[in-house]
Amino acid sequence: MSKQECVAMLLAGGQGSRLGGLTRKRAKPAVSFCGKYRIIDFTLSNCTNSNINTIGVLIQYKPLLLNSYIGLGSAWDLDNPYGGVHILPPFLGEQERSWYNGTANAVYQNCEFIDFYDPEYVIILSGDHVYRMDYARMLNFHKEKNSEITIATIQVPWEEASRFGILTVDSEARITRFTEKPAQPESDLASMGVYIFNWSTLKQALKEDANDRASENDFGKNIIPHQLKQAKRVYAYKFEGYWRDVGTIESYYHANMESLREGHFLNIFDPRIRIFSNEDILPPHFVGSTAKIENSLVCNGCIVHGDVQNSILAPGVYVGKGVQIKDSILLPYAKVHTGSSLRKTIVGENAEIMRYCIVGAEGRTAAEQEGITVIEDHHIVSQGSMIEEGKNVYRPQTI
Amino acid sequence: MSKAIGIIYANNANDTLQGLALKRPIAAVPFGGRYRILDFALSSMVNSGIRTIGVVAPHHYRPLLDHLGAGKAWFLDRKNGGLFILPGAIHGFTENNHTFCVKDLQSNIEYLQNDFAENVVISSGDQIYNMNFKNALELHNDKHADVTMIYNGIANSGDQTDVFLEIGEGQKVVNIFDQKRIEKNLFTKPHFVNMLIIRRELLLEIIEKYGSIGCIDLIDIFTSNSQVLKIYASPTCSLIGIIRTLKDYFDRSMELLDLEVRGRLWLGGDRIHTKFKDYPPTQYTSDAKVSNSLIASGCSIAGEVANSIIFRGVVVEQGCKIKNSIILPKCYLHANAQTDYAILDKSVQVNGENILKGSLNNPLVVLKRTVI
């Protein structure tokens, strides 16, 4: 076994319950994003592009689709004989072990995995953010500052600061205070949920945390504040660039839609850092003679006969004749048949909208979730249905 | 199904494509938006369960190797078997007009000796098809055939070879004709489609016996021995066409806009695999106007595109009018450029206001990396 300088632990076990129908069948990191990607692609590609090739992916909630998507990691060039991607589910040991109970607990239960590679540093990543970042630069910062814990931070607008974990730093970028979702934020530096620890520091911290019965075993809520109290050398690394949390339907929708704007980071003319993905093998998309596509993203394997505006069509989507799609996101293999119209709708994977449906119609009451309608994966909307805006349409549960 | 290995002749190096095949074999010419012509033969074999495939390479094999790599995209990075590059013979002054030249195999005889498979599936690398060889292999085994030749029973201008078969009872091949040598019109007879199955031991024997004869085609050997060998025929209708001329290339490409052709080639259960490029989705601006076209990923479309095929990473700026054209990867069309019946090879740059015009029977070809 070769020693690694830095091992990444990717937290991918969360349920992502605020994404409603999109995460009923799959873990949040496996949710489709921006057409051909899935949310986890960004973190895995960042690792590859930062030369971190030993990654433990901590999974728990509905892992089937996530596991099959990651596979051996070869899509991200992570099928590496000296490291590679390891899927780490909860497991039984000699002493009683249980489900992962909090983010810190998940890492704690896999200390053995990290020890296996005997690293100097451990980087904790979360599988539910969309961003492009060079972790190697953050690691350099960590070494330069002789830091024990480094937290990646990003500047957020003051009015939104109370939604994040907010850090207060001194002139040396050393963190003096950390408050989770403060009502009166002291600063506009938010934690991105990316931490680099010295492995010795992290191991000690995890042990203490595991023995603390009152702890919720969470990095943000427990580990970091506790380490600050012990006056450990905790520094803030300032990241500048694109970073989005896609934890809610609204933020997921907006992050997707942003990619339609010019100068977005997914700019195809910047091939220096590629985002890799494990895409299905599909032919080029076909645009029929009745089609009209405006300001949209279209992926391989799509067949478009209708009118598509300000929308994102993921791989394998079918849009029939006379269909009107506006401000919507169609996830892989969604089908919209003749004459239907969609507005501000997220159509789940393999979902089907039969003929002459109206989805996202203006309702009589004020719409919830900014009027974004969500159709669950595999749901079939029967012919001629009308669905009001802001609804979450779930598939009837079957055994 | 018994174990079979594959051989693809990808060394047809005569540039009959007016420059598209100048620096690459026809097998490595880009086709259909994101593929190269070779992908179709290769994927068909892989989808038929063949995991040991030798590709006969021509002398200018760089584009071929660039594309194939270790064969990962076709699941051919195997410990057991996998992808083999078989350097083809040097043909010198004699033009290589043969499809299945024995001389090409002679120097690669170890590829055939080292495997234990009973049969070898051989295909030329300049055909567009998506076929499962399972049925043909079954017939080959049931009949204890020496050779099984794949044929198309329907007369179709797209996939004619010069070789016609007379098929007797039980799919036995009674006679093999070469169209050039006979006067009678044989268009109604089933024609051979440059795919065949042969017993490995027999192929080794042929190489041994015929190897010393300068350049001889496997089919000629079958023709002269059709009474000695047990030759059978298996039908297929999955062939879209052979690419021999620029007209073939243009017509077969444009046929992809037809749903029926795309259905046979792409929309079935067996996929055509190709090298991954990890391009982002294609972006349409609000000025884009696209109809009846195939467009690959990683493009940026701001102009008009009609009845065309656009490969990966192409930029079509505002005011461009692309009609009846094939635009190969990474071309850049600046504002207000127009093309009609044009084929732009890779990385061509067309500066603004230029008009490139060919005709249906004589499409205009612009060579690789040209700046216009």
Side-chain angles (χ1 to χ4, degrees), chain A residues 33-37 41 45 48 74-77 79 256 259-262 264-271 273-305 308-318, chain B residues 31-35 39 43 47 72-75 77 130 256-259 262-263 265-268 270-302 305-315 330 332:
Chain A
F33 183 80
C34 208
K36 68 173 278 193
Y37 304 100
D41 283 338
S45 300
T48 303
S74 50
W76 302 269
D77 276 350
D79 50 342
N256 267 287
S259 65
L260 294 175
R261 280 185 219 142
E262 233 171 283
H264 185 255
F265 84 107
L266 276 175
N267 192 340
I268 59 171
F269 307 114
D270 184 8
I273 305 175
R274 273 195 291 180
I275 305 296
F276 303 99
S277 74
N278 188 0
E279 55 185 315
D280 281 358
I281 306 145
L282 293 168
H285 65 266
F286 178 73
V287 184
S289 35
T290 50
K292 204 172 149 209
I293 306 177
E294 267 179 41
N295 193 31
S296 298
L297 290 181
V298 183
C299 291
N300 281 332
C302 290
I303 297 175
V304 184
H305 292 296
V308 178
Q309 257 186 57
N310 304 322
S311 297
I312 296 170
L313 309 186
V317 163
Y318 173 80
Chain B
F31 183 86
R34 62 178 305 202
Y35 307 94
D39 289 341
S43 304
N47 293 338
K72 191 173 167 182
W74 301 267
F75 325 113
D77 51 341
N130 184 356
L256 295 173
L257 299 176
D258 180 354
L259 180 63
R262 269 186 295 128
L265 197 59
W266 283 336
L267 307 178
D270 287 337
R271 292 280 158 79
I272 303 296
H273 310 284
T274 192
K275 187 179 175 181
F276 297 108
K277 293 273 167 80
D278 282 279
Y279 275 114
T282 283
Q283 193 158 22
Y284 290 82
T285 70
S286 34
D287 303 309
K289 219 174 137 191
V290 179
S291 72
N292 195 37
S293 296
L294 275 172
I295 297 180
S297 55
C299 296
S300 167
I301 311 280
V305 179
N307 309 324
S308 296
I309 293 167
I310 312 273
F311 283 69
R312 298 190 267 202
V314 169
V315 181
K330 294 186 198 158
Y332 203 112

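Being a predicted model, the structure only gives us computed values, none of them experimental. In what follows, every chain begins at residue 1, and chains take the letters A, B, ... in the order their sequences are listed. For the numbers below, each heavy atom of this structure counts, side chains included, while hydrogens, waters and symmetry mates do not.
Here the OG-NE2 distance, from B:Ser293 to A:His285, works out to 9.0 Å after rounding to the nearest 0.5 Å. With rounding to the nearest 0.5 angstrom, the NZ atom of B:Lys277 is 11.5 Å from the CD atom of A:Glu279. Rounded to the nearest 0.5 Å, atoms CD1 (B:Ile295) and CG (A:Asn300) are 11.0 Å apart. One distance of note links NZ of B:Lys289 with CD1 of A:Ile293; it measures 13.5 Å at 0.5 Å rounding.
With a 4.5 Å cut-off on side-chain heavy atoms, A:Pro284 and B:Tyr35 count as touching. In this structure, the side chains of B:Asn292 and A:Phe286 come closer than 4.5 Å at one or more pairs of heavy atoms.
Heavy atoms of A:Asp79 lying under 4.5 Å from chain B belong exclusively to its side chain. Residue B:Arg34 touches chain A through both its backbone and its side chain, counting heavy-atom pairs closer than 4.5 Å. Of the two parts of A:Lys292, neither the backbone nor the side chain holds a non-hydrogen atom closer than 4.5 Å to a non-hydrogen atom of chain B. With a 4.5 angstrom heavy-atom cutoff, B:Arg312 does not touch chain A via any of its atoms. Contact annotation for B:Ser297: both backbone and side-chain heavy atoms come within less than 4.5 Å of a heavy atom of chain A. Heavy atoms closer than 4.5 Å to chain B are found nowhere in A:Leu313, neither backbone nor side chain. Both the backbone and the side chain of B:Leu257 come within contact range of chain A, with heavy atoms under 4.5 Å apart.
Smallest separation of non-hydrogen atoms from A:Ile281 and B:Ile272: CG2-O, 3.1 Å. Looking at every heavy atom in both residues, B:Val290 comes nearest to A:Val287 through O-CG1, 3.5 Å.
One N or O on the side chain of B:Asp278 and one on the backbone of A:Ser277 form a donor-acceptor pair closer than 3.5 Å.
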When you look at B:Lys72 and A:Ser74, which way does the side chain to side chain contact (heavy atoms under 4.5 Å, CB included) test go after all the steps? CA-CA 10 Å; B:Lys72 191 173 167 182; A:Ser74 50; 3.8 Å; yes
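Per-residue counts of heavy-atom pairs under 4.5 Å with chain B were compared for A:Ile312, A:Ile303, A:Asn310, A:Leu282; the largest is that of A:Leu282.
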